[in-house]
Visitor: 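Starting off with a structure, shown below.
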2 protein chains.
Amino acid sequence: MAELPLRTRSVEAGVDLIPQGSTPSECCFVIEGWMCRHVLTANGGRQIVAFHIPGDLPDRDSLHLPHLDHAISSISAGRVAFIPHEAVLALLSARPNLAVAFWRDAVVDAGVFRQWLTSVGRRTAKQRVAHLICEMFTRMEALGLADSDHFSFPVTQAQLGDALGLSSVHINRTLQELKAEGVISWRASIVTIHDEAQLRGIGDFDPGYLELKAMAQPH
Amino acid sequence: MAELPLRTRSVEAGVDLIPQGSTPSECCFVIEGWMCRHVLTANGGRQIVAFHIPGDLPDRDSLHLPHLDHAISSISAGRVAFIPHEAVLALLSARPNLAVAFWRDAVVDAGVFRQWLTSVGRRTAKQRVAHLICEMFTRMEALGLADSDHFSFPVTQAQLGDALGLSSVHINRTLQELKAEGVISWRASIVTIHDEAQLRGIGDFDPGYLELKAMAQPH
DNA sequence: CGTGTTATTGACCAACATCAAACTTAGTGG
DNA sequence: CCACTAAGTTTGATGTTGGTCAATAACACG
């Protein structure tokens with residue numbers, strides 16, 4: 001992958017990297033920081049459909065999509081690399097097993113989507129928040145980006161709301177509950193999990209669907 | 001695809017074809033009828049994450065998944081075929097462009113997921129129902145399984161609720177609203193769309209994300 | 001016809017949204 | 001180092017969407 005022609009870019013927090021509806025000719029690779037994908041609705045709502053951390057290829061799907069049905073933005077400041085589609089496609093046709101790895105990665109993402117959808121559709125606010133924290137902790141851990149009981153999660157409460165289908169006010173109250181129960185603390189973007197088993201119980205979290213993610217990570 | 005060793009099976013409505021957590025060794029192909037994928041939550045809830053119609057490969061992802069994080073069930077009576085994983089994988093490695101087609105199909109599914117998640121997270125009950133009807137009508141149309149203004153959608157209101165994150169009672173009231181406004185009618189599993197433009201407007205539906213689905217369909 | 005499933009209705013309730021204000025925090029420039 | 005500012009968080013009061021429960025009606029099927 002090192003031989004690819006890439007163009008890197010530093011981004012501030014909250015920058016719209018790739019707008020909804022555009023037809024990108026490059027793939028975006030996250031080097032540092034948090035990014036997200038989100039869909040804008042007619043009534044001005046916003047649904048974050050994925051969080052992306054270093055090593056992710058947020059718009060891997062754009063290789064196949066005529067035009068993006070969602071936007072890609074930065075959550076925190078960070079750095080991304082852009083790689084021309086042709087270069088990626090050339091690489092993939094040269095190495096079929098890499099293409100399979102890409103497909104496999106897409107399959108894992110689909111599993112993340114299913115869990116996310118299940119949270120938003122059928123879990124309470126508290127369960128959703130707990131589930132998301134468990135998921136992101138597990139993913140960060142797999143990358144060696146988490147410490148034993150805490151990790152950096154630089155999202156605002158409004159962004160959490162947009163991810164979980166809740167208002168920022170309700171996110172705030174839900175977080176306070178979790179803190180009051182002593183399950184987590186969350187100060188200055190650092191989430192500390194005091195009792196992971198309990199948090200998983202609250203959030204109905206089973207890491208099974210992320211197994212392959214860990215395996216697929218050696219990007 | 002015709003040379004694959006397949007085993008067909010007729011199913012009643014509401015049969016659990018492949019249970020959550022299993023490790024299937026075959027892919028399931030829908031020949032006739034409606035199937036769905038759903039996730040069960042700890043508190044007894046159910047989230048339908050996808051509807052599948054003839055021509056779909058509901059557990060295409062199981063080719064890569066160590067164990068299924070969701071179940072596959074029949075919505076209506078129908079017929080499915082089972083194809084051993086090895087046979088599919090052999091075919092895919094023999095024909096790399098077929099593997100790309102599978103990947104592409106997974107990408108389209110991801111787009112469907114994103115819209116679904118956006119509906120459940122950020123749209124009102126009425127918008128969700130309208131959006132889903134538009135989506136399924138568009139998909140059925142692409143397969144030649146819809147008539148000019150109506151199609152067969154053999155789901156119960158409880159199933160609709162499980163798909164859209166709502167209760168069956170609320171689905172019922174929402175449908176009555178749409179019927180009262182004259183946008184649709186729904187009798188005996190047949191949905192008739194009287195004003196598609198209006199329905200799309202209500203549901204914030206843009207068929208763009210399904211374009212590729214239509215193209216990929218020549219299974 | 002009877003039986004089980006699905007649809008419909010009404011009464012009531014809970015979770016979460018909205019609005020608006022006050023308070024913190026982090027970052028900035030003098 | 002201290003105001004100043006803008007963004008984010010927290011709080012309270014109130015409103016609304018949609019859930020729950022329970023009963024009845026309508027079907028579909030044998």
Side-chain angles (χ1 to χ4, degrees), chain A residues 12-15 34 36 41 43-48 73-77 119-132 152-180 184-191 202, chain B residues 12-15 34 36 41 43-48 73-77 119-132 152-180 184-191 202:
Chain A
E12 296 301 300
V15 173
W34 286 63
C36 75
T41 65
N43 33 310
R46 190 171 98 116
Q47 177 67 47
I48 293 180
S73 306
S74 63
I75 290 278
S76 68
S119 274
V120 173
R122 283 295 183 228
R123 296 204 250 252
T124 66
K126 198 163 156 187
Q127 291 177 308
R128 294 182 212 183
V129 171
H131 195 281
L132 182 63
S152 164
F153 194 3
V155 291
T156 67
Q157 296 181 357
Q159 288 165 338
L160 272 184
D162 284 339
L164 298 176
L166 297 165
S167 69
S168 63
V169 172
H170 203 66
I171 290 285
N172 184 284
R173 294 187 165 124
T174 306
L175 284 175
Q176 284 182 53
E177 260 188 80
L178 288 171
K179 290 186 216 163
I184 60 159
S185 39
W186 192 323
R187 287 204 59 73
S189 299
I190 303 293
V191 181
I202 293 173
Chain B
E12 295 301 298
V15 173
W34 286 62
C36 75
T41 65
N43 33 307
R46 190 170 99 116
Q47 177 66 46
I48 293 181
S73 306
S74 63
I75 290 279
S76 69
S119 273
V120 173
R122 285 292 183 230
R123 295 194 177 113
T124 65
K126 196 162 157 188
Q127 291 177 309
R128 293 182 214 184
V129 172
H131 195 279
L132 182 63
S152 163
F153 194 2
V155 292
T156 67
Q157 296 180 358
Q159 288 164 340
L160 271 184
D162 283 341
L164 299 176
L166 297 164
S167 69
S168 63
V169 173
H170 203 66
I171 290 284
N172 184 283
R173 294 188 165 125
T174 306
L175 283 175
Q176 285 182 52
E177 260 188 80
L178 288 171
K179 289 185 215 162
I184 61 160
S185 39
W186 191 324
R187 287 205 59 72
S189 298
I190 303 293
V191 182
I202 293 173

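Here is the naming used below: chain letters follow the sequence lines, and residue numbers restart at 1 for every chain. Computed over heavy atoms, backbone and side chain alike; hydrogens, waters and symmetry mates excluded.
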Visitor: Starting at atom CG of Asp162(B), determine the distance to atom P of dT6(C), rounded to an integer number of angstrom.
Guide: 12 Å
Visitor: Which is true for Gly165(B) with a 4.0 Å heavy-atom rule: it touches a base, it touches only sugar-phosphate, or it touches nothing?
Guide: sugar-phosphate
Visitor: Quick check: on DNA chain C, is the nucleotide nearest Thr124(A) upstream (toward 5') of the one nearest Val169(B), or the reverse? Name the residue that is more 5'.
Guide: Val169(B)
Visitor: Ignoring backbone atoms, test whether Arg187(B) places a side-chain nitrogen or oxygen under 4.0 Å from the OP1 or OP2 oxygen of dC27(D).
Guide: yes
Visitor: What is the nucleic acid contact for Ser167(B), judged by heavy atoms within less than 4.0 Å: base, sugar-phosphate only, or nothing?
Guide: base
Visitor: Given Ile171(B), which partner from the list Val169(B), Thr174(B), Leu175(B) fulfils the side-chain contact (heavy atoms from CB on, under 4.5 Å) test?
Guide: Leu175(B)
Visitor: Counting any heavy atom closer than 4.0 Å, what does Ser168(B) reach on the DNA or RNA strands: base, sugar-phosphate only, or nothing?
Guide: nothing
Visitor: My understanding is that only one of Thr41(B), Asp162(B), Asn43(B) makes a side chain to side chain donor-acceptor pair (under 3.5 Å) with Arg122(A); could you say which?
Guide: Asp162(B)
Visitor: I want to check one thing: is the phosphate of dT9(D), taken as OP1 and OP2, less than 4.0 Å away from some side-chain N or O of Gln176(A)?
Guide: no
Visitor: Report yes if a side-chain nitrogen or oxygen of Lys126(A) is closer than 4.0 Å to either non-bridging phosphate oxygen (OP1 or OP2) of dC16(C); otherwise report no.
Guide: no
Visitor: Output yes when a side-chain donor or acceptor of Ser74(B) lies under 3.5 Å from a complementary backbone atom of Val15(B), and no otherwise.
Guide: yes
Visitor: Quick one: are Arg173(A) and Gln157(A) in side-chain contact, heavy atoms under 4.5 Å?
Guide: no
Visitor: Using whole Å, what does the distance between atom P of nucleotide dG19(D) and atom CZ of Arg123(A) come to?
Guide: 17 Å
Visitor: If the test is side-chain contact (heavy atoms from CB on, under 4.5 Å), which one of Ile75(A), Val191(A), Leu132(A) qualifies with Val155(A)?
Guide: Ile75(A)
Visitor: Would you say a side-chain N or O of Asn172(B) is under 4.0 Å from OP1 or OP2 of dT8(C)?
Guide: yes
Visitor: Starting at atom CD1 of Ile171(A), determine the distance to atom P of dC16(C), rounded to an integer number of angstrom.
Guide: 10 Å
Visitor: Which is true for Ala188(B) with a 4.0 Å heavy-atom rule: it touches a base, it touches only sugar-phosphate, or it touches nothing?
Guide: nothing
Visitor: Where each residue is assigned the nucleotide of DNA chain D containing its nearest heavy atom, which of Val155(A) and Arg122(A) is assigned the position nearer the 5′ end?
Guide: Val155(A)
Visitor: How close or far is atom P of dG10(C) from atom NE2 of His170(B), stated in whole angstroms?
Guide: 16 Å
Visitor: Quick one: Asn43(B) CG to dA15(C) P, roughly how many Å, whole number?
Guide: 13 Å
Visitor: Nearest-Å distance, CZ (Arg173(B)) to P (dA11(C))?
Guide: 10 Å
Visitor: How long is the line joining CG of Leu164(B) and C1' of dT17(D), in whole Å?
Guide: 15 Å
Visitor: For the side chain of Leu166(B), counting heavy atoms from C-beta on, which of dG18(D), dA20(C), dT8(C) is nearest?
Guide: dG18(D)
Visitor: Please report, rounded to the nearest Å, how far the P atom of dT9(D) is from the CH2 atom of Trp186(A).
Guide: 9 Å
